[in-house]
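For reference, positions follow the sequence shown, starting with 1.
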Amino acid sequence: MAGVVNIGPVDFVHILDVETNITRLEVGPQRLMLLNNEKLVAGPIPCVIVPPGHYCRVKDPMSHYEEGVQCELKHGQVEIRFYQEPFPLYPGEKLESAENLQDFSSRGYRKAMHPLPVVKVNQAIQLKAVLDHEVDGVQRQAGDLWQLEGPLTYKPTAEAEIVGWVNAAVIGQGQALHLRATQGFTDKGITRVSGEEWLVRKAGAYLPGVYEEVVELVSAYILKQDVALHLIAEHNCQDALGRQRQAGEEWMVTADDTEMYIPEIGEQAVKSVKKTVLEKGQYCIVCNPVDEDGHSQLGCEELRKGHTSFFLHPGESIKSGIQEQFVLSEDQAIVLQAISEFEDNSIPGEPQMRISGDRWMIHGPISYIPPVQVQVIDQGDGALVRRAIPLNDMEGIYVRNLKTGEVRAVMGPDSYLLTEHEQLWEKELPSLVLTILQNGGGCGSGDIRKLAYFESSIDADYAPGKIRDKTRVVRFRCPGNTAVQVYKYQEKTARVVFGPDMVILGPQEDFNVLSLSAGKPKVENALQTICLMLGPDYITDILEVETSDHARLKVRIAFNNYFEFERGNKLSEEAIFSVPDFIGFACRQVGSRIRGAVSRVRFDEFHRHSSKILQGAVFGFDADGNVKNRLKFKANHLVISNVDIQGIEPVDLTMRDSLIKSVQMAIEISTKSIERAAAHDAARKEQESQGLLERQKLLNEKEAEQERAKLFELQAEAAAIESTGQAKAEAQARAESLLIECHSAIDSARLKAQAEEVIHDAELQTQNLLRMSELSYKRRLNEAEIKKAIQLCNIEVSRFDAMVKALGGNTIIAIASAGPKLQAELMEGLGIESTLMNGNNPINLFKTTKEMIAGN
């Protein structure tokens with residue numbers, strides 16, 4: 001029926017009276033008949049069941065309900081309902097998250113049920129007041145924030161909403177929590193302003209307040225004995241050690257102050273500073289040192305020596321790093337210069353005042369650390385320690401005096417130590433001179449015969465690729481029979497050194513470089529050298545001459561030369577260098593004379609008498625018409641002693657072609673004869689080779705037939721062996737089989753006999769061992785019984801002796817004097833068995849006592 005509503009036990013319905021427009025609530029269990037003016041609005045709907053530990057939010061809650069009267073709803077408000085008996089929703093009420101009541105079954109309220117917030121230990125819940133209200137005696141205004149710390153179960157209210165959850169920050173050992181105030185508040189009597197930052201250092205769990213913002217968890221700097229912390233104050237503050245710091249102030253915290261350091265707000269850790277350790281023999285200069293009051297002495301320097309260790313304070317720096325002390329040996333020294341005035345106590349007992357600019361030297365053996373007022377002078381190559389330079393014989397160095405500017409050469413054999421006002425001087429050499437020295441005294445292009453003169457004079461100091469030491473004196477090993485001219489440009493004088501000798505250049509001396517002609521024909525400046533070859537030597541040249549009948553010829557001549565001068569005469573010695581290119585000079589002079597003489601004779605005459613014509617042209621004739629034997633040039637004392645013709649060639653092409661044709665014809669004739677002889681020889685050798693080949697073929701065929709016969713014999717033998725081999729093999733196999741079986745039977749019998757013998761021996765040994773063991777056992781048993789009897793006898797003897805001693809002599813006498821009955825009673829009273837007195841026992845006490853008494 002449409003007008004009947006069945007309401008369950010925990011259900012409810014909303015029924016609307018259409019005449020009054022009032023909705024009433026009906027709760028089951030009941031069966032309801034709807035009137036004509038009533039209409040079922042909602043239901044049946046299950047009652048709201050709030051489980052334990054949950055809550056729900058009811059919107060627009062009913063303030064007062066009276067059936068048939070218009071209800072009063074708190075529109076816009078929310079009511080929190082906790083665990084209770086199932087309850088219905090009054091008309092107009094709405095369950096938050098489940099506002100459409102028609103969509104709900106018995107389980108339709110689960111979305112609307114919220115578990116009660118459980119605040120754990122070290123946790124807090126942040127709340128915000130929605131309305132003005134009072135909580136736990138505290139008046140809260142709308143917008144106020146506060147938090148509740150666990151452990152607790154929070155029951156939500158309609159006047160506050162949950163903003164969030166706050167978990168405690170765990171502060172470990174050596175850590176601090178950096179906090180910032182989001183707005184002004186007072187915490188434990190401390191007033192914080194908005195934006196203020198501070199640190200919480202207490203170890204453990206810290207729960208930030210509602211107006212506290214966690215910036216970061218700060219870890220402490222671990223300070224060791226060799227590690228310190230450099231800090232700077234960003235603004236006026238109090239550091240973690242309780243000291244007031246000004247903005248921009250820098251300081252250092254070491255392990256002596258604290259083991260762990262967490263910078264306060266306003267402090268900034270610049271860097272970790274390692275401890276500087278100076279070992280024995282080390283030192284350093286600290287710039288801008290910090291005094292005991294912590295003030296930096298700007299511009300000052302402090303010398304610190306090892307053994308020591310220290311931290312560099314802010315502003316301090318080490319000049320030139322950690323340095324080793326100067327340990328000078330006997331041949332070493334250092335040059336010092338005073339930067340400022342001070343009293344020098346480096347030499348014990350001899351203090352000396354030094355003023356700025358003073359320069360002095362300290363010689364070894366000594367160990368020296370320069371004070372801050374002293375600067376060690378670099379000798380120019382980066383080395384601070386000067387060593388004595390060992391010089392061998394004919395070795396030297398160039399030394400310059402810094403005061404006078406004089407440069408001198410110091411020669412060995414000796415070792416030389418520069419003074420404080422001296423330094424090594426580098427002598428520069430022209431590139432041409434250096435090339436000449438590298439090649440032993442001369443250089444040139446092409447195949448020049450005279451370069452062989454200088455191969456023995458190549459010095460290892462000027463080897464190609466080796467860097468020349470410019471401070472060493474320039475040396476040259478002058479070859480034998482040569483001369484070297486050295487020019488001293490300061491005094492504008494020259495000296496000549498004759499070989500073999502060592503030429504050593506002074507600081508203001510240079511070699512006189514000669515540019516000589518060389519080659520065939522001679523080319524000017526082809527050979528550069530510093531050596532003048534004194535001779536005897538020879539010069540070759542190619543001259544082009546023309547006869548009177550216009551026959552042009554090339555004459556290859558060679559003439560001997562040497563210098564004729566007086567040793568020890570300076571003018572005579574210098575005269576040989578007056579002509580720089582003596583080879584070109586001699587060739588030009590000789591060539592002009594030869595061309596003049598040849599131009600006056602015909603070709604035929606010159607061809608027949610060329611040697612005489614040339615010698616006469618060069619040396620001239622005496623008064624008798626004979627050819628002279630030498631030519632001397634007064635300019636440089638060069639003497640030419642002989643002229644020889646090495647070859648004559650025509651220059652004219654026609655004449656040369658004729659000569660070439662004749663030579664070619666002769667060559668062709670000789671070539672053809674050689675070819676014909678070679679062809680005849682080749683034919684002869686070919687016939688001989690063919691004969692040898694035929695003979696070898698016959699020999700090979702003979703050997704092949706012999707080998708073929710051997711093959712047939714072997715095949716016949718193999719067939720015979722093959723036919724008889726099988727029967728023979730079978731017979732041999734049967735015989736060997738019988739032999740093996742017999743041997744096996746013999747071996748088996750022998751092994752059985754050996755086994756029987758081994759078994760018999762083993763049984764015999766076993767019986768022997770048993771007999772010996774039994775005999776040994778009985779022997780030991782008898783010995784034990786004998787030992788036992790002896791011990792029992794000894795016990796009886798000792799016992800009888802003890803009894804006798806216990807009775808005493810008087811008692812025994814009394815027993816012996818008494819009658820037998822009394823004696824027996826006395827013996828029983830003494831505990832002596834009668835068996836001691838029977839006939840079988842050899843011990844008779846009474847007899848013994850009587851004998852003892854008789855003895856007494």
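- The minimum heavy-atom distance linking I397 with L391 is given by the pair CG2-CD2, 3.9 Å.
- A salt bridge is absent between R354 and E341: the closest approach of a Lys/Arg side-chain nitrogen to an acidic carboxylate oxygen does not fall below 4.0 angstrom.
- For N392 (side chain) and E395 (main-chain N/O), no donor-acceptor pair under 3.5 Å exists by modelled atom type.
- Summarising the geometry of G616 relative to F621, their closest heavy-atom pair is CA-CZ, 3.6 Å, with the distance given to 0.1 Å.
- Salt-bridge check for R556 with D644: failed, with every basic side-chain N at 4.0 Å or more from each acidic carboxylate O.
- Between Y562 and R630, the closest side-chain pair of non-hydrogen atoms falls below 4.5 Å.
- The two residues P507 and Y489 make their nearest non-hydrogen contact at O-OH, 3.7 Å.
- E705 and R708 are joined by a salt bridge, as a carboxylate oxygen and a charged side-chain nitrogen come within less than 4.0 angstrom of each other.
- Formation of a donor-acceptor pair under 3.5 Å by the S578 side chain with backbone atoms of A635 is found in this model.
- Formation of a donor-acceptor pair under 3.5 Å by the N401 side chain with backbone atoms of K403 is found in this model.
- In the displayed structure, R387 atom CZ is contacted under 6.0 Å by at most 12 heavy atoms of other residues, nucleotides or ligands.
- A salt bridge is absent between E605 and K612; no separation between the charged side-chain nitrogens and carboxylate oxygens falls under 4.0 Å.
- When all heavy atoms are compared, the tightest approach of F498 to L534 is CD2-CD1, 3.8 Å.
- Residue Y368 holds its OH atom at 4.0 Å from CD1 of I362, rounded to the nearest 0.5 Å.
- Taking a 6.0 Å sphere around CD of Q706, one finds it holds more than 12 heavy atoms contributed by other residues, nucleotides or ligands.
- Between K672 and E675, no side-chain nitrogen of the basic residue sits less than 4.0 Å from a carboxylate oxygen of the acidic one, so the salt-bridge criterion is not met.
- Smallest separation of non-hydrogen atoms from L437 and R475: CD2-O, 4.3 Å.
- Within 6.0 Å of atom CD in E279, 12 or fewer heavy atoms from other residues, nucleotides or ligands are found, so the atom counts as exposed in its surroundings.
- Side-chain atoms of K492 and Y487, non-hydrogen and from C-beta on, do get closer than 4.5 Å to each other.
- The CD atom of E301 sits 12.5 Å away from the CD1 atom of I318 when rounded to the nearest 0.5 Å.
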Exercise. Passes side-chain contact (heavy atoms from CB on, under 4.5 Å), K427 versus V473? Steps please.
Worked result: CA-CA 8 Å; K427 181 176 179 60; V473 294; over 6 Å; no
For this session: List the steps and the verdict of side-chain contact (heavy atoms from CB on, under 4.5 Å) for V639 and L631.
Result: CA-CA 6 Å; V639 176; L631 173 64; over 6 Å; no
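- Using a 4.0 Å cut-off between charged side-chain N and carboxylate O, R495 and E509 make a salt bridge.
- Comment: E564 engages K632 in a salt bridge, judged by a side-chain N to carboxylate O separation of less than 4.0 angstrom.
- Under the 3.5 Å distance criterion, the side-chain polar atoms of N569 are left unmatched by any main-chain donor or acceptor of E566.
- For the pair S599 (side chain) and T547 (backbone), a donor-acceptor distance under 3.5 Å is absent.
- Closest non-hydrogen pair, M353 versus D358, comes out as O-OD2, 4.4 Å.
- A distance of 14.0 Å separates CZ in R552 from CD in E649, rounded to the nearest 0.5 Å.
- Donor-acceptor pairing under 3.5 Å is recorded for the side chains of N700 and Q696.
- K470 is listed as a side-chain neighbour of R468, based on a closest heavy-atom distance under 4.5 Å.
- Side-chain contact between T529 and L516 is present, with at least one heavy-atom pair separated by less than 4.5 Å.
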For this session: Take I530 and L514 through the test side-chain contact (heavy atoms from CB on, under 4.5 Å) and record every step on the way to the result.
Result: CA-CA 6 Å; I530 58 177; L514 304 176; over 6 Å; no
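- L614 places a side-chain heavy atom less than 4.5 Å from the side chain of V598.
- Atom CG of L532 is separated from atom OG1 of T482 by 8.0 Å, given to the nearest 0.5 angstrom.
- Between Y538 and F559, the distance separating the two ring centers is not shorter than 6.0 angstrom.
- For CZ of R684, the number of neighbouring non-hydrogen atoms (other residues, nucleotides, ligands) closer than 6.0 Å is greater than 12.
- One finds no salt bridge joining K697 and E701 here, because no Lys/Arg side-chain nitrogen approaches an Asp/Glu carboxylate oxygen to under 4.0 Å.
- Side-chain atoms of D537 never come within 3.5 Å of backbone atoms of M533 as a donor-acceptor pair (strictly under, hydrogens ignored).
- Remark: R400 does not engage E422 in a salt bridge, criterion side-chain N to carboxylate O under 4.0 Å.
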For this session: Given side-chain contact (heavy atoms from CB on, under 4.5 Å), test L417 with H363 step by step and report yes or no.
Result: CA-CA 10 Å; L417 182 63; H363 297 268; 3.5 Å; yes
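- Looking only at side-chain heavy atoms (C-beta outward), Q323 and Q282 stay at 4.5 Å or farther from each other.
- Heavy-atom contacts from other residues, nucleotides or ligands closer than 6.0 Å to CD of E524 number 12 or fewer.
- Side-chain contact annotation: Q337 with Q375, donor-acceptor N/O pair under 3.5 Å absent.
- Side-chain contact check for F476 versus V484: some heavy-atom pair is nearer than 4.5 Å.
- In E688, the CD atom is crowded: over 12 heavy atoms of neighbouring residues, nucleotides or ligands sit closer than 6.0 Å.
- The structure places CD of E546 at 6.5 Å from NE2 of H550, a figure rounded to the nearest 0.5 Å.
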For this session: Report the C-alpha distance between S517 and D581 in whole Å, list the side-chain angles of each, state the deciding distance to 0.1 Å, and finish with yes or no for side-chain hydrogen bond (donor to acceptor under 3.5 Å, both in side chains).
Result: CA-CA 7 Å; S517 300; D581 185 6; 2.5 Å; yes
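- Remark: the backbone N or O of N642 is not paired with any side-chain donor or acceptor of N560 at under 3.5 angstrom.
- Less than 6.0 angstrom separates the ring centroid of F563 from the ring centroid of F582.
- Y398 does not carry R472 over the face of its six-membered ring by the limits of under 6.0 Å from the centre and within 45° of the normal.
- Within the 4.5 Å cutoff, no side-chain heavy atoms of P580 are placed close to those of S515.
- Interatomic distance, CG of D331 versus CZ of R386, reported as 14.0 Å (0.5 Å rounding).
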